[in-house]
Amino acid sequence: MNLVAKLNRFIWRNYRVKWYKTFSTLKMECRAGSPKIITPVLCEGRGRIVVGEGVSFGFQADQDFWTTYVFLNPRTPESEIAIGDRCQICNHFTVVVEGPGVEVGSDVLIGSHVSIYDSDFHEIASDKRIGGCPKMAKVTIGDNVWIGDRVTILKGSRIGKNSVIAAGAVVSGEFPDNVIIGGVPAKIIRHI
């Protein structure tokens with residue numbers, strides 16, 4: 001790649017990162033240092049976002065790099081998104097929290113197009129979907145977990161440390177340490 005192309009890419013990436021930061025309604029609270037923000041991060045909501053040391057958002061050599069962003073959305077004042085130290089988070093990562101929150105451990109690798117939710121957002125009963133009280137439960141992801149591309153993690157899920165979640169999985173429930181999880185709905189494929 002020639003120098004002009006590299007310079008244009010650098011300028012455009014920095015512009016996008018600053019643009020999304022300008023329109024964020026929340027600031028990330030950093031426990032130490034600042035996160036490495038490679039792709040734009042939009043922080044919206046009324047809760048808290050706490051980020052550990054050495055966290056990286058985005059991956060430049062990804063197909064979605066120029067058209068996507070990371071979306072962190074603790075919607076209520078008591079909601080919290082907590083991300084541990086040294087996590088590497090790829091593009092198109094979405095966390096939406098209305099209740100007890102999402103806690104991601106340290107040294108977690110997160111692929112692209114991963115979504116995490118701590119709420120159903122609506123009740124299942126048709127007469128209560130609007131104005132009802134949806135079910136909510138905290139999501140906990142242990143240390144050193146590897147989450148593949150296009151994974152969805154639902155309310156109340158607990159992923160044990162050192163586990164791997166296969167690409168495309170829909171995770172709901174509790175899983176022990178040191179397992180490979182995959183499928184829809186996700187189940188234990190084997191122990192590590």
Side-chain angles (χ1 to χ4, degrees), residues 16-31 34-53 55-58 64 67-85 87-106 108-143 145 147 149-159 165 169-175 184-186:
R16 288 185 69 231
V17 167
K18 288 178 183 172
W19 176 264
Y20 278 78
K21 185 176 181 181
T22 300
F23 287 100
S24 292
T25 60
L26 282 176
K27 292 189 185 239
M28 285 186 261
E29 299 173 29
C30 300
R31 287 194 285 262
S34 297
K36 184 176 182 183
I37 298 178
I38 300 165
T39 196
V41 178
L42 182 62
C43 302
E44 289 286 324
R46 298 180 300 163
R48 292 180 67 210
I49 301 167
V50 181
V51 178
E53 183 178 5
V55 174
S56 173
F57 290 100
D64 291 329
T67 59
T68 190
Y69 60 97
V70 169
F71 183 58
L72 305 175
N73 184 218
R75 292 182 174 175
T76 62
E78 55 278 346
S79 302
E80 180 177 277
I81 298 169
I83 300 171
D85 298 332
C87 292
Q88 294 181 12
I89 298 167
C90 206
N91 305 323
H92 205 93
F93 176 61
T94 301
V95 181
V96 181
V97 213
E98 279 190 344
V102 169
E103 182 179 346
V104 177
S106 295
V108 175
L109 303 174
I110 300 176
S112 61
H113 294 272
V114 171
S115 300
I116 305 175
Y117 309 106
D118 79 338
S119 173
D120 284 339
F121 303 107
H122 304 281
E123 284 200 35
I124 293 175
S126 61
D127 61 333
K128 295 182 181 178
R129 286 187 190 149
I130 297 176
C133 186
K135 292 181 182 177
M136 297 181 230
K138 185 173 184 174
V139 174
T140 305
I141 299 168
D143 294 342
V145 170
I147 302 171
D149 289 349
R150 300 192 189 304
V151 169
T152 301
I153 301 175
L154 302 174
K155 72 174 186 326
S157 296
R158 185 200 162 279
I159 313 302
I165 304 175
V170 176
V171 180
S172 180
E174 296 190 16
F175 296 90
V184 179

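Sequence positions, counted from 1, serve as the residue numbers for this chain.
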Quiz prompt | Passing option when I116 is tested against I141, V96, T94 for side-chain contact (heavy atoms from CB on, under 4.5 Å) | solution = I141

Quiz item: How far does CD1 of I81 sit from CD of E103, to the nearest 0.5 angstrom?
Solution: 12.5 Å

Quiz item: Considering the options V104, D118, V102, V139, which one meets the side-chain contact (heavy atoms from CB on, under 4.5 Å) requirement together with V95?
Solution: V102

Practice problem: Working to the nearest 0.5 Å, report the span between CD1 of I89 and CG of L72. | Solution: 7.5 Å

Practice problem: Find out whether S56 and I38 are in side-chain contact, i.e. whether some heavy atom of one side chain is under 4.5 Å from a heavy atom of the other. | Solution: yes

Practice problem: Look up atom CG in N91 and atom OG1 in T39, then write down how far apart they are to the nearest 0.5 Å. | Solution: 4.5 Å

Practice problem: Go through the structure and list residues passing salt bridge (Lys or Arg N to Asp or Glu O under 4.0 Å) with D120, not counting sequence neighbours. | Solution: K155

Quiz item: Can you list the residues that meet the side-chain hydrogen bond (donor to acceptor under 3.5 Å, both in side chains) rule with N73, with sequence neighbours excluded?
Solution: R75

Self-check item: Distance-minimising heavy-atom pair for D85 and E53
Solution: OD1-N, 2.7 Å

Quiz item: For the atom pair CZ (F93) and OG (S115), what is the distance rounded to the nearest 0.5 Å?
Solution: 8.5 Å

Practice problem: Answer whether the closest heavy-atom distance between the side chains of P134 and S119 falls below 4.5 Å. | Solution: yes

Practice problem: Output all residues satisfying side-chain hydrogen bond (donor to acceptor under 3.5 Å, both in side chains) with S79, sequence neighbours left out; order by chain, then residue number. | Solution: T76

